[in-house]
Visitor: 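Just passing along the structure, written as structure tokens.
All values below come from the heavy atoms of this structure, side chains included, with hydrogens, waters and symmetry mates left out. The first residue of the sequence shown is numbered 1, and numbering continues consecutively from there.
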Amino acid sequence: MKKLFDELAYEVSRKTTEKYSTSFSLGILALKPNIRNSIYAIYGYVRLADEIVDSFQGYDRKRLLSRLDLETNFALEEGISLNPILQAFQETVHKYAIDRDLINQFLHSMSMDLKKLDYNSELYNEYIYGSAEVVGLMCLQVFTEGNKQRYEELKPYAMKLGSAFQKINFLRDLKDDYHILGRTYFPNLNMEVFDNTLKGQIEDEIHQEFKEAFLGIKKLPKSARFGVYLAYKYYLSLFAKIRKKSSKEILENRIRIANTEKAYVAFKSYLRYKVAFL
């Protein structure tokens with residue numbers, strides 16, 4: 001009978017992914033079926049933590065995040081959780097021997113969002129590592145299916161891709177992060193003087209990380225390659241749109257990619273993938 005609960009757990013994680021991210025949902029659908037549920041489980045878990053620190057205004061977010069940390073440890077130690085998202089996540093962690101240090105570092109970065117921090121370069125890199133790069137590494141452990149040598153080979157590329165995705169998120173969400181949540185992640189950045197020159201410097205960093213990450217995408221196992229490539233192309237299209245906007249525009253509006261544009265990107269990506277990768 002537990003099989004029904006496990007199926008429910010992965011279904012909740014899938015629904016969570018679909019509710020919060022069209023781009024990642026489509027990217028996961030492009031993965032081979034045998035690894036999809038595990039990536040849904042990872043996304044569902046990190047989304048849950050992210051919602052605690054970003055959306056639960058008016059609640060004791062520090063206490064809620066501490067509870068998630070505690071319940072995560074219980075789930076991993078006991079091999080079960082009554083929380084469907086945690087149940088799917090702990091199953092995935094055990095199945096692919098995902099490093100507990102990655103999970104701890106992720107939760108640490110989430111806790112950083114509960115503090116008013118002036119981000120210098122060290123804190124900025126620490127936050128990006130825990131909030132994005134380790135998530136890429138968790139997924140990579142699923143993609144490589146226990147092949148440690150391949151994991152170590154692809155690790156730097158996965159970190160670059162996670163970092164690029166996160167920095168694009170920072171630019172996309174600059175308006176809400178600054179005006180609503182009172183956050184600015186970019187190091188030593190005075191938002192009062194944020195201009196096109198500073199924006200361009202950040203974009204140059206992202207462009208370089210994308211170039212390096214692409215080399216790793218080409219080396220991924222076939223079961224994961226197109227799904228990751230599709231997510232990469234979605235973010236690349238969002239990045240192109242952000243680059244066309246002025247610093248003033250991204251401070252006033254959240255830049256989005258319409259679903260019709262995403263469908264077009266998916267179609268073009270599939271054709272290009274067939275030519276470039278196969």
Side-chain angles (χ1 to χ4, degrees), residues 1-56 63-110 130-148 150-151 154 158 162 165 220-228 230-231:
M1 291 299 291
K2 181 175 172 293
K3 182 174 180 290
L4 290 177
F5 180 65
D6 290 337
E7 289 173 355
L8 172 65
Y10 284 109
E11 180 69 9
V12 171
S13 295
R14 181 180 68 82
K15 289 288 188 182
T16 301
T17 307
E18 292 172 347
K19 184 71 173 177
Y20 282 99
S21 178
T22 306
S23 299
F24 279 118
S25 295
L26 292 172
I28 294 171
L29 278 176
L31 300 172
K32 293 295 184 184
N34 65 308
I35 58 174
R36 283 179 198 159
N37 275 346
S38 296
I39 303 302
Y40 283 133
I42 291 170
Y43 184 89
Y45 178 77
V46 300
R47 185 73 252 172
L48 180 60
D50 206 45
E51 284 304 291
I52 290 172
V53 299
D54 281 355
S55 301
F56 295 174
R63 186 174 180 180
L64 289 172
L65 188 63
S66 294
R67 187 182 303 164
L68 177 63
D69 190 352
L70 186 65
E71 291 178 356
T72 299
N73 286 324
F74 281 141
L76 293 173
E77 289 167 8
E78 297 173 357
I80 195 166
S81 174
L82 299 180
N83 178 324
I85 288 179
L86 277 176
Q87 172 62 11
F89 182 65
Q90 70 82 19
E91 287 257 338
T92 297
V93 170
H94 286 121
K95 181 177 181 179
Y96 293 100
I98 290 175
D99 192 339
R100 290 281 291 270
D101 287 342
L102 299 178
I103 302 166
N104 293 336
Q105 194 64 46
F106 168 73
L107 291 171
H108 170 68
S109 281
M110 292 299 96
S131 65
E133 293 177 9
V134 301
V135 179
L137 295 178
M138 290 184 212
C139 293
L140 183 61
Q141 290 192 302
V142 174
F143 298 154
T144 53
E145 300 186 69
N147 187 326
K148 294 295 184 183
R150 203 165 195 185
Y151 171 79
L154 294 171
F165 283 178
L220 282 169
K222 287 185 178 180
S223 60
R225 194 182 300 153
F226 180 57
V228 177
L230 187 54

Visitor: Kindly compute the distance separating CG (Leu76) from CZ (Arg100), expressed to the nearest 0.5 Å.
Guide: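 So the gap between those two atoms works out to 4.5 Å.
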Visitor: Gly162 and Ala132: which non-hydrogen atoms are nearest, and at how many Å?
Guide: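 So the minimum-distance heavy-atom pair works out to O-CB, 3.3 Å.
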Visitor: Donor-acceptor pair, distance only, cut-off 3.5 Å: does the side chain of Gln105 make one with the backbone of Gly130?
Guide: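 Flag not set: sc Gln105 to bb Gly130 has no pair under 3.5 Å.
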Visitor: Could you grab the distance from atom CE of Met138 to atom CZ of Phe106, nearest 0.5 Å is fine?
Guide: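 The distance works out to 6.5 Å.
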Visitor: Show me, pair by pair, the donor-acceptor contacts under 3.5 angstrom made by side chains of residues 29-38, not counting sequence neighbours?
Guide:
unit_1 : atom_1 : unit_2 : atom_2 : d
Arg36  : NE     : Leu29  : O      : 3.4
Arg36  : NE     : Leu31  : O      : 2.9
Arg36  : NH2    : Leu29  : O      : 3.1
Arg36  : NH2    : Leu31  : O      : 3.2

Visitor: Which heavy atom in Tyr96 sits nearest to a heavy atom in Gln141, and how many Å separate them?
Guide: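 In terms of heavy atoms, the two residues are closest at CD2-O, 3.8 Å.
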Visitor: To the nearest 0.5 angstrom, please state how far the CG atom of Leu48 sits from the CG atom of Leu86.
Guide: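 Going from CG on Leu48 over to CG on Leu86, the span is 6.5 Å.
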Visitor: Give a yes or no on whether a salt bridge exists between Lys3 and Asp6, defined as a side-chain N under 4.0 angstrom from a carboxylate O.
Guide: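 Salt bridge: no.
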Visitor: How far apart are the C-alpha atoms of Ile42 and Ile98, what are their side-chain angles, what is the distance that settles it, and do they pass the side chain to side chain contact (heavy atoms under 4.5 Å, CB included) test?
Guide: CA-CA 11 Å; Ile42 291 170; Ile98 290 175; 4.1 Å; yes
Visitor: Looking at CG of Leu107 and CG of Leu102, how far apart are the two atoms once the value is rounded to the nearest 0.5 Å?
Guide: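 Answer rounded to 0.5 Å: 11.0 Å.
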Visitor: Going from OG1 on Thr16 to CZ on Arg47, what distance comes out if it is rounded to the nearest 0.5 angstrom?
Guide: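 It comes to 10.0 Å.
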Visitor: Testing the basics here: between Ala9 and Pro84, what is the closest heavy-atom pair and its distance to 0.1 Å?
Guide: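 That would be CB-O, 3.2 Å.
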Visitor: With distance as the sole test, does His94 use its side chain to make a donor-acceptor pair with the main-chain N or O of Gln90 at under 3.5 Å?
Guide: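 Flag set: sc His94 to bb Gln90 pair under 3.5 Å.
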Visitor: Does Leu82 CG have over 12 foreign heavy atoms under 6.0 Å away?
Guide: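 Result for CG/Leu82: open.
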Visitor: Is a salt bridge present between Lys2 and Glu91, judged by a nitrogen-to-oxygen distance below 4.0 Å?
Guide: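 Looking at Glu91 together with Lys2, the answer is yes, because their closest N to O distance falls below 4.0 Å.
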Visitor: Please report the closest heavy-atom contact between Leu140 and Ala158, naming both atoms and the distance.
Guide: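 Taking Leu140 first and Ala158 second, the nearest heavy atoms are CD2-CB, 3.9 Å.
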Visitor: Decide whether Tyr45 and Thr92 meet the rule of one side-chain donor and one side-chain acceptor closer than 3.5 Å.
Guide: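 Note: Tyr45 and Thr92 side chains miss the donor-acceptor criterion.
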Visitor: Hey, are the side chains of Val135 and Tyr43 touching, using non-hydrogen atoms and a 4.5 Å cut-off?
Guide: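 No. Closest side-chain heavy atoms not under 4.5 Å.
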Visitor: Do Phe143 and Val228 come close enough that some side-chain heavy atom pair is under 4.5 Å?
Guide: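 Side chain of Phe143 against side chain of Val228, heavy atoms only: contact under 4.5 Å found.
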Visitor: Which atoms form the tightest heavy-atom contact between Ser131 and Met110, and what is the distance?
Guide: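 That closest heavy-atom pairing would be CB-CE, 3.9 Å.
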Visitor: For Arg150 and Pro221, work out which heavy atoms get closest and say how close.
Guide: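 For Arg150 and Pro221, the tightest heavy-atom pair comes out as NH1-CG, 3.6 Å.
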Visitor: Just how far is it from atom OG1 of Thr17 to atom CG of Leu26, taken to the nearest 0.5 Å?
Guide: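 Thr17 atom OG1 to Leu26 atom CG measures 11.5 Å (nearest 0.5 Å).
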Visitor: Can you label the angle between the Phe165 ring and the Phe24 ring as parallel, tilted or perpendicular, going by 30° and 60°?
Guide: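 Phe165 and Phe24: perpendicular rings.
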Visitor: OH of Tyr151: more than 12 outside heavy atoms within 6.0 angstrom?
Guide: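 Yes, enclosed.
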